[in-house]
Amino acid sequence: MTMPMMRPPRKNPVLRTRQMNLPPGARGRVALGLTAAAAEGRFELQTCEDCGTVQYPPREVCHKCLSSALRWRQQSGEGALLGSTTLHHSNDLFFRERLPWRLGLVHLDAGPTLMVHLHGEVGEAPQRVRVGARLDRAGQAVLIAFPNEGSPHMADDKMLREMTSDPKFRKVLVTDGKTETGQAIVRALVKAGADIVWVGHAEPWKKMGDGLDDISALPQVTLVPLDLTNGRQVTELAGAIGGKVDIVINNAEVHRTFGIGARRGTDVAKAEMDINYFGLLRLAQEFGPALKGRSADGATGATAWVNLLSIYALSNFPPHGTFSASKAAAHSLAQCLRAEMRPAGIRVINVFPGPIDDEWNQHTPPPKLAPTTLANAIVKALRDGVEDVYPGDVAQEWLERWRDNPKVLERELAAGG
């Protein structure tokens with residue numbers, strides 16, 4: 001049984017901040033299919049379409065029939081632990097700082113035998129286990145064996161926390177608390193055990209409303225002025241709390257309907273880009289270096305950056321045309337941010353929801369995503385350590401159609417759906 005994680009002691013400000021040592025990150029191109037699946041929370045292995053063999057490690061051809069017709073297929077991960085060992089010495093800097101470290105040999109029911117990391121609740125062999133894929137701090141897929149029946153505090157396992165961004169006891173910045181979505185995110189973070197939640201709100205002279213008043217009454221919540229169109233304000237906030245933030249959740253957005261011909265001028269499109277794209281850029285320039293500098297700050301060091309994008313970023317939805325374009329630009333920028341944050345071990349999580357049940361989707365037919373459901377999906381993504389999340393039935397269907405044929409999806413959307 002995993003013991004519940006106790007609140008870590010406060011950092012001694014006199015001590016020098018450590019620098020992050022990443023686990024070995026070199027992988028061949030053929031192995032990136034495993035990482036791509038783990039980035040979305042799936043465990044996949046190569047399966048031969050000619051003879052049906054499931055193989056590991058990844059190869060260019062099937063090791064049994066030499067066919068090149070290999071496809072990545074999701075696996076249950078069920079198998080038997082054959083043996084285990086505990087690593088007490090390592091020349092690798094990442095593992096040397098985290099010893100002892102348990103490893104095991106698992107024979108999957110699907111056929112392959114794998115060398116995996118062992119969750120602390122996995123006992124000695126022989127026993128049944130379930131293998132899952134997670135992303136390590138270098139952003140590469142690793143395999144972990146879990147017990148078939150775990151305790152309520154499995155997420156507090158020391159090894160597993162290295163692979164995730166659990167908000168428990170961490171300090172979080174949510175950039176917009178005025179929307180129902182932002183308020184739901186704050187409540188979900190508090191429920192997940194976040195230590196402090198800073199909640200940004202633009203235009204503080206306006207009436208806050210019942211929702212913001214309610215969350216401001218929570219003991220973990222502190223309201224901070226934050227307008228992403230104001231570069232000086234972003235800089236000042238980063239100077240005040242940037243050295244304390246462990247997770248940034250950028251949910252601020254401007255969402256307006258219509259595309260090109262139904263609206264005159266560029267004012268609305270500029271407002272969407274100013275928040276959805278340039279707002280992310282301003283935030284990343286100020287808070288990014290602070291997060292990278294604290295990524296090795298112990299059990300509650302800086303760990304993740306979350307961007308609330310939209311499924312419309314994958315393919316433009318003409319009834320929300322300029323909004324879709326701004327989110328596509330933000331998606332591209334978020335990929336750049338992910339590449340720049342990876343050397344520090346900071347995970348960038350992009351969330352692609354379908355239509356949210358808010359004022360800008362009033363005329364969109366169901367199903368629509370409830371803000372609470374979206375907030376829970378974000379917390380789950382942090383706990384599972386994934387990179388891309390597509391919450392809701394619409395987002396899942398859209399993603400499937402986009403992967404099947406982006407051009408067909410574009411034509412369908414242009415025709416009305």
Side-chain angles (χ1 to χ4, degrees), residues 1-6 8 18 20-27 31 34-35 37-39 41-45 54 56-58 75-166 168-169 295-301 303 345 347 382-386:
M1 175 181 287
T2 304
M3 296 299 295
M5 180 181 178
M6 305 303 293
R18 299 174 61 195
M20 170 59 67
N21 288 314
L22 296 180
R27 302 287 193 281
L34 184 66
T35 296
R42 301 188 308 275
F43 170 41
E44 295 185 354
L45 294 177
V54 179
Y56 183 86
Q75 307 295 320
S76 68
E78 297 293 331
L81 179 65
L82 303 179
S84 64
T85 187
T86 301
L87 192 67
H88 291 283
H89 172 77
S90 175
N91 290 328
D92 184 86
L93 295 177
F94 177 84
F95 290 105
R96 190 169 65 181
E97 294 174 350
R98 292 161 175 82
L99 297 174
W101 195 276
R102 293 184 69 214
L103 303 171
L105 199 64
V106 176
H107 180 72
L108 295 182
D109 295 345
T113 299
L114 319 172
M115 180 68 76
V116 300
H117 303 289
L118 293 182
H119 188 278
E121 294 188 14
V122 174
E124 299 299 323
Q127 68 167 286
R128 298 288 297 176
V129 294
R130 173 180 51 84
V131 175
R134 294 290 189 275
L135 296 178
D136 62 15
R137 295 299 291 268
Q140 299 288 2
V142 294
L143 303 179
I144 304 175
F146 298 92
N148 281 339
E149 294 184 5
S151 72
H153 301 288
M154 282 186 64
D156 290 341
D157 180 72
K158 182 180 177 182
M159 181 272 296
L160 189 57
R161 273 185 74 93
E162 290 287 349
M163 312 294 178
T164 65
S165 307
D166 196 322
K168 184 175 182 180
F169 295 141
S295 59
D297 238 1
T300 56
T303 184
R347 179 157 298 140
L382 289 167
R383 284 175 167 166
D384 292 347
V386 300

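Each residue takes its place number in the sequence, starting with 1.
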Of all heavy-atom pairs linking Ala138 and Pro23, the shortest is CB-O, 3.7 Å
Side-chain touch Thr303/Asp166, heavy atoms, less than 4.5 angstrom: no
Determine yes or no for a side-chain-to-main-chain donor-acceptor pair under 3.5 angstrom, with Gln127 supplying the side chain and Val122 the backbone. no
Taking side chain to side chain donor-acceptor pair (under 3.5 Å) as the test, write out the residues that go with Thr35, two or more places apart. Gln140
Ser76 side, atom OG; Leu108 side, atom CG - distance, nearest 0.5 Å: 7.5 Å
Is the closest side-chain heavy-atom distance between Arg102 and Thr85 below 4.5 Å? no
Between the side chain of His119 and the main-chain N/O of Met154, is any donor-acceptor distance below 3.5 Å? yes
Show every salt bridge (Lys or Arg N to Asp or Glu O under 4.0 Å) that has at least one partner inside residues 147-158, sequence neighbours left out. Asp156-Lys168
Straight-line distance of Asp92 CG to Leu22 CG, nearest 0.5 Å: 10.0 Å
Leu87 CG to Leu99 CG distance, which is reported to the nearest 0.5 Å: 5.5 Å
Hey, what do you get for CG (Leu34) to CD (Glu44), rounding to the nearest 0.5 Å? 8.5 Å
Side chain of Arg347, backbone of Met163: donor and acceptor closer than 3.5 Å? yes
Side-chain (Arg128) to main-chain (Asn148) donor-acceptor, under 3.5 angstrom: no
Quick one: does Val116's side chain get under 4.5 Å of Ile144's, heavy atoms only? no
Any side-chain heavy atom of His117 within less than 4.5 Å of one from Leu143? no
Which residue pairs satisfy the side chain to side chain donor-acceptor pair (under 3.5 Å) criterion with at least one member in residues 129-139, sequence neighbours excluded? none
Is any side-chain heavy atom of Pro126 less than 4.5 Å from a side-chain heavy atom of Leu82? no
Residue list, side chain to side chain donor-acceptor pair (under 3.5 Å) with Glu97, at least two apart or on another chain: Arg18, Asn21
Taking the side chain as C-beta and beyond, is there a heavy-atom pair between Leu382 and Thr164 under 4.5 Å? no
Looking at every heavy atom in both Val54 and Ala110, which two are closest together, and how far apart are they? CB-O, 3.9 Å
Do you know the tightest heavy-atom contact between Ser295 and Met20? O-CE, 3.1 Å
Taking side chain to side chain donor-acceptor pair (under 3.5 Å) as the definition, give me every residue that meets it alongside Arg96, ordered by chain and number, with sequence neighbours left out. none
Considering only residues two or more places apart or on different chains, which pairs with a residue in residues 75-96 satisfy ring pair (Phe, Tyr, Trp, His ring centres under 6.0 Å)? Phe95-Trp101
Heavy-atom side-chain contact between Leu118 and Phe146 under 4.5 Å: no
